[in-house]
Amino acid sequence: MHFKNKIVWITGASSGIGKELAYQLSRQGAILILTATNKSALEQLKVELANSKVDILPFDLLKIDAIPQLVSDAIAINGQIDFVIQSAGQSQRSMAVDTGMGVYERLMNLNYFAPVALTQAILPHFIKRDAGSMTVISSIAGLIGFPLRSSYSASKHAIKGYLETLQCEIYKTNIHVSIVYPGRINTDISKNALSGDGQRFGDTDENSDAGMEVDLCVKKIISGILKKKKVIYILKAERLLFWLWWFIPNLYYKIAHKKGVQ
Ligand SMILES: NC(=O)c1ccc[n+]([C@@H]2O[C@H](COP(=O)([O-])OP(=O)(O)OC[C@H]3O[C@@H](n4cnc5c(N)ncnc54)[C@H](OP(=O)(O)O)[C@@H]3O)[C@@H](O)[C@H]2O)c1
């Protein structure tokens with residue numbers, strides 16, 4: 001498998017992991033379709049990627065009902081889509097007790113219902129061609145809970161359940177689904193996260209600052225997709241946390257509390 005002349009649709013392409021995916025896949029000769037809400041950021045990226053064929057499709061993925069039309073529009077641009085990488089997402093920085101229901105709803109819509117709606121809408125296209133690759137960026141918070149992430153972690157756990165079920169169902173087809181579980185990656189995710197009242201958190205945190213550089217993270221994602229890995233872990237020290245959670249859960253909760261509760 002390779003990306004040269006393949007049509008790759010990236011959501012969340014205006015920032016962080018999605019933007020870096022656009023840079024690296026453009027260098028590998030991919031034909032790109034880029035989605036996010038920030039139209040001017042996408043236009044700027046298109047200018048930077050002038051050596052590649054790039055189309056932008058600005059869209060607010062919270063408009064779940066309009067996602068089937070978005071998928072039709074994306075397919076219509078080049079007549080088909082070979083790879084979809086869903087990186088759009090938002091995190092949270094608030095204790096569960098201080099988090100309003102609006103935050104739970106919004107993050108469930110963006111991190112769960114939107115990728116489900118997009119996947120549901122593109123599956124018939126993949127099934128018709130018996131080809132296609134779908135990657136969704138989840139999080140280690142989609143595997144284990146962590147303080148200040150109640151709604152984020154719940155939404156990422158939910159998408160795991162949907163995608164793993166799909167992986168079982170499509171097992172005998174030529175459609176591939178990869179779920180990516182990054183630990184801390186150095187992007188603006190913390191700044192762009194929601195506070196408990198639904199406002200933008202607007203600040204970085206030591207977890208993000210200590211995170212893996214985004215270019216290394218994206219190299220690992222691309223390599224995993226090309227190897228058709230069903231699960232792509234991008235973890236450093238978080239591997240130990242996961243191990244503790246599995247084997248000595250009480251110690252995990254103690255350490256997670258100490259690290260995460262401010
Ligand atoms: N960075 C980490 O430590 C980390 C760790 C684990 C998992 N992840 C996951 O990795 C993915 C990318 O995160 P990141 O670190 O790259 O964060 P980021 O820099 O904040 O990027 C988030 C992207 O999502 C897009 N987005 C947000 N709301 C949207 C909406 N309503 N409609 C369409 N697009 C929307 C943003 O674009 P606009 O603002 O233009 O809409 C932006 O392009 C997320 O799913 C995140 O949960 C990140």
Side-chain angles (χ1 to χ4, degrees), residues 9-24 33-46 56-64 66-67 70 74 84-93 103 105-115 117-118 135-144 146 148-149 151-160 163 178-194 198 200-218 220-221 232-238 241-242 260:
W9 182 17
I10 304 169
T11 72
S14 65
S15 172
I17 294 172
K19 186 175 182 180
E20 180 64 23
L21 276 162
Y23 287 132
Q24 293 194 22
I33 303 171
L34 308 178
T35 289
T37 61
N38 188 335
K39 188 176 174 193
S40 57
L42 294 179
E43 283 169 345
Q44 171 62 35
L45 188 52
K46 183 177 159 128
I56 64 168
L57 203 50
F59 185 81
D60 181 354
L61 288 160
L62 289 169
K63 294 180 183 161
I64 311 281
I67 288 178
L70 171 76
V84 180
I85 309 178
Q86 302 198 59
S87 187
Q90 195 169 23
S91 190
Q92 167 205 1
R93 295 293 182 272
V103 172
E105 273 177 36
R106 186 183 162 105
L107 293 193
M108 197 54 101
N109 280 332
L110 184 62
N111 298 335
Y112 174 66
F113 284 112
L118 198 155
T135 299
V136 178
I137 316 295
S138 177
S139 165
I140 187 171
L143 297 170
I144 54 177
F146 194 79
L148 312 187
R149 309 282 194 280
S151 57
Y152 179 67
S153 181
S155 64
K156 294 291 190 180
H157 273 76
I159 196 63
K160 172 180 191 282
L163 292 170
S178 301
I179 316 173
V180 183
Y181 295 107
R184 300 166 302 174
I185 311 299
N186 194 354
T187 69
D188 282 345
I189 188 146
S190 174
K191 284 185 190 156
N192 293 332
L194 293 182
R200 187 171 178 265
F201 182 65
D203 203 357
T204 183
D205 64 14
E206 65 175 45
N207 283 324
S208 300
D209 285 348
M212 182 185 288
E213 289 308 318
V214 69
D215 60 337
L216 178 58
C217 163
V218 165
K220 288 172 185 279
I221 294 173
I232 303 169
Y233 296 103
I234 305 184
L235 307 172
K236 293 199 298 183
E238 304 89 359
L241 285 180
F242 189 66

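Counting starts at 1 for both ligands and their atoms, following the listed order. What you see below is based on every heavy atom in this structure, not just the backbone, and it leaves out hydrogens, waters and symmetry mates.
Ligand 1 has at least one atom lying under 4.0 Å from a heavy atom of R184. Residue contacts with ligand 1: C217 is excluded, as none of its non-hydrogen atoms falls under 4.0 Å.
Test L61, L42, D60 against T37 for side-chain contact (heavy atoms from CB on, under 4.5 Å) and you get one pass: D60. Screening K156, Q92, Q90 against S151 for a side-chain hydrogen bond (donor to acceptor under 3.5 Å, both in side chains) leaves a single residue, Q92.
In terms of heavy atoms, P182 sits closest to L235 at C-CD2, 4.0 Å. Of all non-hydrogen atoms in S15 and N192, the two that sit nearest each other are OG-ND2, 4.3 Å.
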Task: Criterion side chain to side chain donor-acceptor pair (under 3.5 Å) on S14 and N38, from CA distance to verdict - done: CA-CA 7 Å; S14 65; N38 188 335; 5.5 Å; no
TODO: Take I17 and V214, measure what side chain to side chain contact (heavy atoms under 4.5 Å, CB included) needs, and give me the verdict at the end.
DONE: CA-CA 6 Å; I17 294 172; V214 69; 4.0 Å; yes
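Distances from atom 45 (O) of ligand 1 to the heavy atoms of K156, K39, E238 put K156 nearest. One option in S87, S138, G18 has a heavy atom closer to atom 9 (C) of ligand 1 than any other, and that option is S138. Here the shortest heavy-atom distance to atom 4 (C) of ligand 1, taken over S91, G211, G183, G12, belongs to G183. Residue T187 holds the heavy atom nearest to atom 15 (O) of ligand 1 of all those in T35, T187, N111.
Counting heavy atoms closer than 4.0 Å to ligand 1, residue N186 contributes nothing at all. At a heavy-atom distance under 4.0 Å, only side-chain atoms of N192, from C-beta outward, approach ligand 1. When heavy-atom distances to ligand 1 are checked against a 4.0 Å cut-off, F59 comes that close only through its backbone atoms N, CA, C and O.
Close approach of ligand 1 to D60 (heavy-atom distance below 4.0 Å) involves ligand atoms 30 (C), 31 (N), 32 (N).
Backbone and side-chain nitrogen or oxygen atoms of S139 are examined, and none is located within less than 3.5 angstrom of a nitrogen or oxygen of ligand 1.
Taking the six-membered ring for Trp and thresholds of 30 and 60 degrees, Y181 and Y233 have nearly parallel ring planes, at less than 30 degrees apart.
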